[in-house]
There are 2 protein chains.
Amino acid sequence: MNLNPVAVNATVINGTAMSQMQSVERQLREMILGLEIGPGERLTERWIESRFAASRTPVRAALLRLETEGLICRDGRGWTVSPINLTELEQIAVYREAVEVAAIRITCALEDKSAVDLIEAMLDSCDAATAREEWHRVGMDFHIELARLSGNDFLVRAVRDAMTRLSRARWLEVRDEAALGRAWAEHHAVLAAVRAGDADEAARLLSTHMVGSRDRLVTSLRDDRRGLRARGFAVVAA
Amino acid sequence: MNLNPVAVNATVINGTAMSQMQSVERQLREMILGLEIGPGERLTERWIESRFAASRTPVRAALLRLETEGLICRDGRGWTVSPINLTELEQIAVYREAVEVAAIRITCALEDKSAVDLIEAMLDSCDAATAREEWHRVGMDFHIELARLSGNDFLVRAVRDAMTRLSRARWLEVRDEAALGRAWAEHHAVLAAVRAGDADEAARLLSTHMVGSRDRLVTSLRDDRRGLRARGFAVVAA
DNA sequence: GACACCAATTTGGGATACCAAGTTGGTATC
DNA sequence: GATACCAACTTGGTATCCCAAATTGGTGTC
């Protein structure tokens, strides 16, 4: 017996109706990325079902998608929120660098550089008063949008996927004001090189930025591993 | 009422029991990659259900997975086997090149080059008497296994994903004996450079090989587009 | 106290029933 | 014959039920 009319079941965001599956997927993803469910925590389909007032069919569809995003993984017969894996983070950073550098080289060769302005505006929308959460989001979007300028959907997808997988770790990273400022400056420098069409320089700047970013990330997490574990987060180094 | 015992439901391959979902996914993937179901064909969950004697739960799980692999895509409310998209193929080729070149540079920097022998042996297992299907498989595996030497799982996954998406197109490509021989020789040359630890040369050879390969692929499909359409295959250039 | 053993519960995999929206084919009307 | 209209069917989305396997918790034995 289904007593729920569509108007009740469907979640509406920005005027667009979402299916139950999309709704569950979205909410669950936000909970995982927002660390409301910690890395390493067990998930049961039944819990999700009751938590989001959906039946198991959309729940399972959402789980399958989140698994391909790497946010959850199978744990024997059940599901687990993916632990923070330092080795994996390093590998993703290498992958990301290859893809982003390829993208920026393509972009530098393009005639129309006007889209760079939009990214620059995005960067400039952050200032000292901006919430850390917003800095975090802009820091991710910068790389995704930069890749998008290449016009290659697969490069964009790869960058987005990598950033999603790195997202929780970047959020956990202990970053001071200086680090945020440095990243901001490096992003601007990269854009300047792109605007000038200097592919080698843009690639070099971007690469340097990413290597530094990766090293600080991994070091920060490695140093704070005990603290993270104390918060109930699974952090593995294997 | 479920009358089917596990022994009937479970498909066993190589002594390993597969779930219904895995079985449906695998069979459906093979049918799509083997062009038994042509690009652009509509799929209904009910047809798959009866075709593989499974219920809709595993069918839907399989469809969700194949969607993330890019082999099928949503078509309004239904499912369609992904058409051959020439623009997409070109983008994948660019993506692939970035990833494979990054992987081979890492591999060249490694001390232990013994794994190269295994790939060389794989290449050498093909000769004039080898079936075209086998050439096809080895041609894919060469690139995947070469990436695996880097030790970076994300680079491997990216290459495997790209090769899967290119697979049908490569199978449709009109390739003569000369083309197969050239590819074989180029593969060997790449391995030689890797063994010598010459990253720049290996990257150059691999890159050249892939660019040529991509150009021939796209040209072949573009030229034969009419013939492919006549066989009922959707080929789009958008 | 350690351990083997069994029943109750939990859980994911699968099967099926139901619904709403879309499609289709036929029919009545003009 | 063209068209408006409606009923039957199709189809994906969702809810619910069943099952087997794993987990859990308690109990009796040594």
Spacing of [X] atom [atom1] relative to [N] atom [atom2], expressed in whole Å:
{"X": "B/M21", "N": "C/dG14", "atom1": "CE", "atom2": "C1'", "result": "13 Å"}
{"X": "B/Q20", "N": "D/dC18", "atom1": "CD", "atom2": "P", "result": "20 Å"}
{"X": "B/E25", "N": "C/dG13", "atom1": "CD", "atom2": "C1'", "result": "15 Å"}
{"X": "A/I48", "N": "C/dT11", "atom1": "CD1", "atom2": "P", "result": "11 Å"}
{"X": "A/L64", "N": "C/dG12", "atom1": "CG", "atom2": "P", "result": "13 Å"}

How about A/I84 and A/L228: do any of their side-chain heavy atoms sit closer than 4.5 Å? no
Is any side-chain heavy atom of A/L149 closer than 4.5 Å to one of A/I119? yes
Report yes if at least one side-chain N or O of [X] is closer than 4.0 Å to OP1 or OP2 of [N]; otherwise report no.
{"X": "B/S55", "N": "C/dG14", "result": "no"}
{"X": "A/T57", "N": "D/dT14", "result": "no"}
{"X": "B/Q22", "N": "C/dG13", "result": "no"}

Check nucleotides 10-12 of chain D for protein N or O atoms closer than 3.5 Å to its own N or O atoms and list the pairs.
| residue | atom | partner | partner atom | Å |
| --- | --- | --- | --- | --- |
| D/dT11 | O2 | B/R77 | NH1 | 3.3 |
| D/dT11 | O2 | B/R77 | NH2 | 2.7 |
| D/dG12 | OP1 | B/L43 | O | 3.4 |
| D/dG12 | OP2 | B/E45 | N | 3.0 |
| D/dG12 | O3' | B/R77 | O | 3.3 |
| D/dG12 | N7 | B/R46 | NH1 | 2.3 |
| D/dG12 | N7 | B/R56 | NH2 | 3.4 |
| D/dG12 | O6 | B/R46 | NH2 | 3.4 |

Would you find a donor on one side and an acceptor on the other, under 3.5 Å apart, between the side chain of A/E45 and the backbone of A/R56? no
Determine the sole option in B/E25, B/Q20, B/Q27, B/R26 for which the side-chain hydrogen bond (donor to acceptor under 3.5 Å, both in side chains) test with B/S23 is passed. B/Q27
Hydrogens and angles aside, do B/R160 and B/H143 bring a side-chain donor and acceptor to less than 3.5 Å of each other? no
No-hydrogen, no-angle side-chain donor-acceptor test under 3.5 Å, A/D112 and A/S114: yes
Both atom distances under 3.5 Å, Watson-Crick or G-U wobble: I'd like the secondary structure of DNA chain C as a dot-bracket string, with | for pairs made across strands. ||||||||||||||||||||||||||||||
Salt bridge (Lys or Arg N to Asp or Glu O under 4.0 Å) filter on A/D141, not counting sequence neighbours, yields A/R137
Euclidean distance, B/N152 CG relative to A/E90 CD, rounded to 0.5 Å: 10.0 Å
Where do B/R165 and B/D161 land on the salt bridge (Lys or Arg N to Asp or Glu O under 4.0 Å) test, with the steps shown first? CA-CA 6 Å; B/R165 289 172 190 261; B/D161 179 57; 3.2 Å; yes
